[in-house]
Amino acid sequence: MFDIVTQTEGSETQYKKIKNFNRYINDHIKRIAKANELPEDCSFYWARHSFATNSIRKGASMEFISEALNHSDLNVTKNYFAGFEDKAKKEFANSLLDF
């Protein structure tokens, strides 16, 4: 999506560039949050987790979420949701019965 790294760069260089870009994005998200009186601990990761949580609550499959977040393995996504609140699981299960 963003032209941050190239295929010819080594993995360490790519990692550093991506990490710096994420830091840059997080800094700007925090500024926007502060300017709009939102929690200042907002971050790029909050956005990813919010997307994943909202997607699962709307019935998206783990496979969809895993691919959308570009996880290396479906187990990464499953591990994230292993800590999903029991209340949220019950709400989701109950919503399946709403016809």
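It should be emphasised that the depicted structure is a prediction, and the values quoted were computed from it without experimental measurement. Sequence positions, counted from 1, serve as the residue numbers for this chain.
For Tyr45 and His49, the ring centers are positioned 6.0 Å apart or more.
Checked by atom type and distance alone, the side chain of Ser55 pairs as donor or acceptor with a backbone atom of Phe51 at under 3.5 Å. Lys30 contributes no side-chain N or O that, together with a main-chain N or O of Ser43, makes up a donor-acceptor pair within less than 3.5 Å. A donor-acceptor pair is defined here as one N or O able to donate and one able to accept, closer than 3.5 Å; such a pair exists between the side chain of Asp73 and the backbone of Asn75. Under the 3.5 Å distance criterion, the side-chain polar atoms of His71 are left unmatched by any main-chain donor or acceptor of Glu67. Side chain of Glu9 to backbone of Thr6: a donor-acceptor contact under 3.5 angstrom is found.
Hydrophobic clustering, with ILVMFWY side chains joined whenever heavy atoms are under 4.5 angstrom apart, keeps Leu38 apart from Ile32. Both Tyr24 and Val5 are assigned to one and the same hydrophobic cluster, defined by single-linkage of ILVMFWY side chains at heavy-atom distances under 4.5 Å.
Note that the CG atom of Asn26 and the CG atom of Asp41 stand 11.0 Å from one another [nearest 0.5 Å]. How far CG of Leu69 is from CZ of Arg48: 4.5 Å, rounded to the nearest 0.5 Å. The distance from the CD atom of Glu63 to the NZ atom of Lys78 is 7.0 Å, given to the nearest 0.5 Å. With values rounded to the nearest 0.5 angstrom, Ile4 atom CD1 is found 6.5 Å from Ile18 atom CD1. Here Phe44 contributes atom CZ and Asp27 contributes atom CG; the two are 14.5 Å apart, rounded to the nearest 0.5 Å.
Contact record, Ile65 with Ala52: CD1-O, 3.8 Å, taken as the closest heavy-atom pair. Residue Pro39 comes nearest to Ala33 through the heavy atom pair O-CB, 3.5 Å, listed as atom of the first residue, atom of the second, then distance.
The local environment of NZ in Lys16 is sparse, with at most 12 non-hydrogen atoms from other residues, nucleotides or ligands closer than 6.0 Å. Other residues, nucleotides and ligands contribute at most 12 non-hydrogen atoms within 6.0 Å of the OH atom of Tyr15.
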Worksheet entry | Steps toward side chain to side chain contact (heavy atoms under 4.5 Å, CB included) verdict (Trp46, Ile29) | CA-CA 10 Å; Trp46 259 34; Ile29 288 173; over 6 Å; no

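With no hydrogens or angles considered, a side-chain donor-acceptor pair links Arg23 and Asn20 at under 3.5 Å.
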